[in-house]
Amino acid sequence: MPAITLPDGSVRQFDGTVTGTDIAASIGPGLAKAAIAIEVDGQLRDMGRPVEQDASIRFVTRKDTEALEMIRHDAAHVLAEAVQSLFPGTQVTIGPSIENGFYYDFYRNEPFKPEDFPAIEQRMHEIIKANASFTRETWPRDEAIKFFEDRGERFKAELIRDLPGDEEISIYRQGEWLDLCRGPHLRSTGDVGNAFKLMKVAGAYWRGDHRNPMLTRIYGTAWRDKKELEAHLHQLEEAERRDHRRIGKEMDLFHIQEEAVGQVFWHAKGWRLYTALQDYMRRAQTRAGYEEVRTPQLVDRALWEASGHWSKYRHHMFVATVEDEDKTLALKPMNCPCHVQIFRHGLRSYRELPLRMAEFGACHRYEPSGSLHGIMRVRGFTQDDAHIFCTEDQIADETVRFVAMLTEVYKDLGFEHFRIKFSDRPEQRSGSDEVWDKSEAALKRACEIAGVEYEYNPGEGAFYGPKLEFVLRDAIGRDWQCGTLQVDLVLPERLDANYIGEDSARHRPVMLHRAILGSFERFIGILIEQHAGKFPLWLAPMQVVVASIVSDAAPYAEEVVARLRKAGLTVESDTRADKINAKIREHSVARVPVILVVGRKEAEAGTVAMRRLGGADQEMLTLDEAVTRLSEEAKAPDIRRG
RNA sequence: GCCGGCGUAGCACAGUGGUAGUGCAGCGGUUUUGUAAACCGAAGGCCGGGAGUUCGAAUCUCUCCGCCGGCACCA
């Protein structure tokens, strides 16, 4: 005799067990029609599943966020049924809902092709039209395993075998087809609707392990209605226009070619952006009490052996030898061991701590070919790296300072929001458990003091210590780690870094590895996508173009250019015998933030007509005014703050 | 690295076995123009590299390289 409490606080009594469908029907036909799932004491369930005990409930309709997830999950089931009916012999595995849609991983000798999509989608529409109810059954474990094995579904059987012993084996039927699934599901396949689209095929390892067979994954997107679907597809197109690889080409910022895979040729304009960013970072570091150093690129293998990198990561290192010398050198994949060498040079006193050693360090890593991505994941890159040598007592304070610095930098560069992940000890690591306990606890405590909220990212730390990762998102929603802060009690030990303490004995410093941008290459990639190439004036690769209307105004245009250049702006003239419309268009497409137009009038009056990127208006200014205003505006945010 | 797709002029693309094309950019002219594309002309190609099939290959096959989408990896 369950008593059901509704969201408005009212209580309804029922005779015997009831289902969500019964409860909705008892409230009214409108709700019975709209409710697609029920939340029972905070747990989402199928409408048809009985509620045996007293409970607080809430109905979920198509408008609720939970609905979207269920639509996507159900779409995955419908996809699986469609594929198995069209391609007999295909084995099913798993098919979850994901951001913006769903996927399903299949095992089949022949992979699917995008050309198969129309037929699969067609079949999916038929299944949805048939509107078969999703019905839940629970099966005995052995029976379920036998059932799937008899059908040749070895992946499903393996999944069931690996489920915890006390877990219920639930099976969902939709018409003739069924699948192992935890649920919950919508009422019937018809609830999926028609706002879905298959997007792409991809390979994916079974259970995410590269030693396992490769499955074919079909990705789809699914929404509540056609309008949402259209909006999403439109947004994808917009995102493609922001792609840093495309903008890099359009704006002539950089290129990469076969002879230097994973390494960037920075063109003049891209390098202007790069150096503006580097200058800014250098000032920020100086203000924050860092000292800048520079260490070698090629370092003897012996140092990497001592640091522990040689044994664990030499397959990711570029190694160099010369004929006349029996030595093996490696391009540094990171700067830390080199910084320790500087720290170790001479005796260090506790009075020097915390010692913040920064380097724009050029590093090389042999990254797997498949992981390379534009300038975001490369093999040669420059980190805004620094190592803080300090005492354990100083970890918290240094963390607070670092987070404050990073937050300011990100904000200055246009990033108000970013995610923070806390990654702890990985399986393969250096250092005793005791040392790890200590460094993880220290970093956690520092986060509390700094008021840092993070997501927990188990087992993803560096081999020498736990880390905070600061994650930014690119135009199409891919996450990239940029900033990082890592606590390291291992390397100072391995490389014998020490300082003389107050007690005149030798002590081991703690090393904090930290970066804000991460790598210039990756960060600039994200920066390009964030701004869609329309940079604030201080970062713009070409800040101003002075365009003449008639050739008589050309000498004056050059004069304007000279004045602006003298004021430190990056500026170009355009005195070609073209129409002003063409020039405006060309430089607008090139995303030049300011166009100064000069014709006879301006040449005579000593003025310029200023036009902003994206705007349609023009502002008439005297040349002096323009120079003053633009040079003020072109100041980096930290300089403007004074 | 793995699965799939792709690679044609500086860029964007067309070309499914029979003499390599279009648009834009660039170059040479003409046009002196007032805020998002003036007009004319001549150029420009080892059709990613190599091998094979064929009388004949951009086109079919194999292989290598690179890029793209995922997966795995990311000290």
What is the distance, to the nearest angstrom, from the [atom1] atom on [X] to the [atom2] atom on [N]?
{"X": "A/Ile584", "N": "B/U33", "atom1": "CD1", "atom2": "C1'", "value": "13 Å"}
{"X": "A/Glu259", "N": "B/G48", "atom1": "CD", "atom2": "P", "value": "16 Å"}
{"X": "A/Asp578", "N": "B/G28", "atom1": "CG", "atom2": "P", "value": "13 Å"}
{"X": "A/Lys579", "N": "B/G34", "atom1": "NZ", "atom2": "C1'", "value": "10 Å"}

Would you mind classifying the nucleic acid contact of [X] as base, sugar-phosphate or nothing, using non-hydrogen atoms under 4.0 angstrom?
{"X": "A/Gly615", "answer": "nothing"}
{"X": "A/Ala609", "answer": "base"}
{"X": "A/Arg478", "answer": "sugar-phosphate"}
{"X": "A/Ile580", "answer": "sugar-phosphate"}
{"X": "A/Asp617", "answer": "nothing"}

Short side-chain N/O contact from A/Arg576 to OP1 or OP2 of B/C27, under 4.0 Å: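 Indeed not, no polar side-chain atom of A/Arg576 lies that close.
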What does the list of N/O pairs under 3.5 Å between the protein and nucleotides 6-16 of chain B look like, with a distance for each?
unit_1: B/A12; atom_1: OP1; unit_2: A/Lys249; atom_2: NZ; d: 3.1

Quick one: does A/Glu586's side chain get under 4.5 Å of A/Val589's, heavy atoms only? no
Between protein and nucleotides 71-75 of chain B, what N or O pairs are separated by less than 3.5 Å?
unit_1: B/C71; atom_1: O4'; unit_2: A/Gly203; atom_2: O; d: 3.1
unit_1: B/C71; atom_1: O2'; unit_2: A/Tyr205; atom_2: N; d: 3.0
unit_1: B/C71; atom_1: N4; unit_2: A/Gly370; atom_2: O; d: 3.3
unit_1: B/A72; atom_1: O2'; unit_2: A/His210; atom_2: ND1; d: 3.4
unit_1: B/C73; atom_1: O2; unit_2: A/Arg377; atom_2: NH2; d: 2.7
unit_1: B/C73; atom_1: N3; unit_2: A/Arg377; atom_2: NH1; d: 3.0
unit_1: B/C74; atom_1: O4'; unit_2: A/Arg377; atom_2: NH2; d: 3.4
unit_1: B/C74; atom_1: O2; unit_2: A/Arg377; atom_2: NH1; d: 3.1
unit_1: B/A75; atom_1: OP2; unit_2: A/Lys467; atom_2: NZ; d: 3.1
unit_1: B/A75; atom_1: O3'; unit_2: A/Tyr464; atom_2: OH; d: 3.0

Looking at A/Glu440 and A/Arg425, is there a salt bridge between them, counting it only when a charged N and a carboxylate O are closer than 4.0 Å? yes
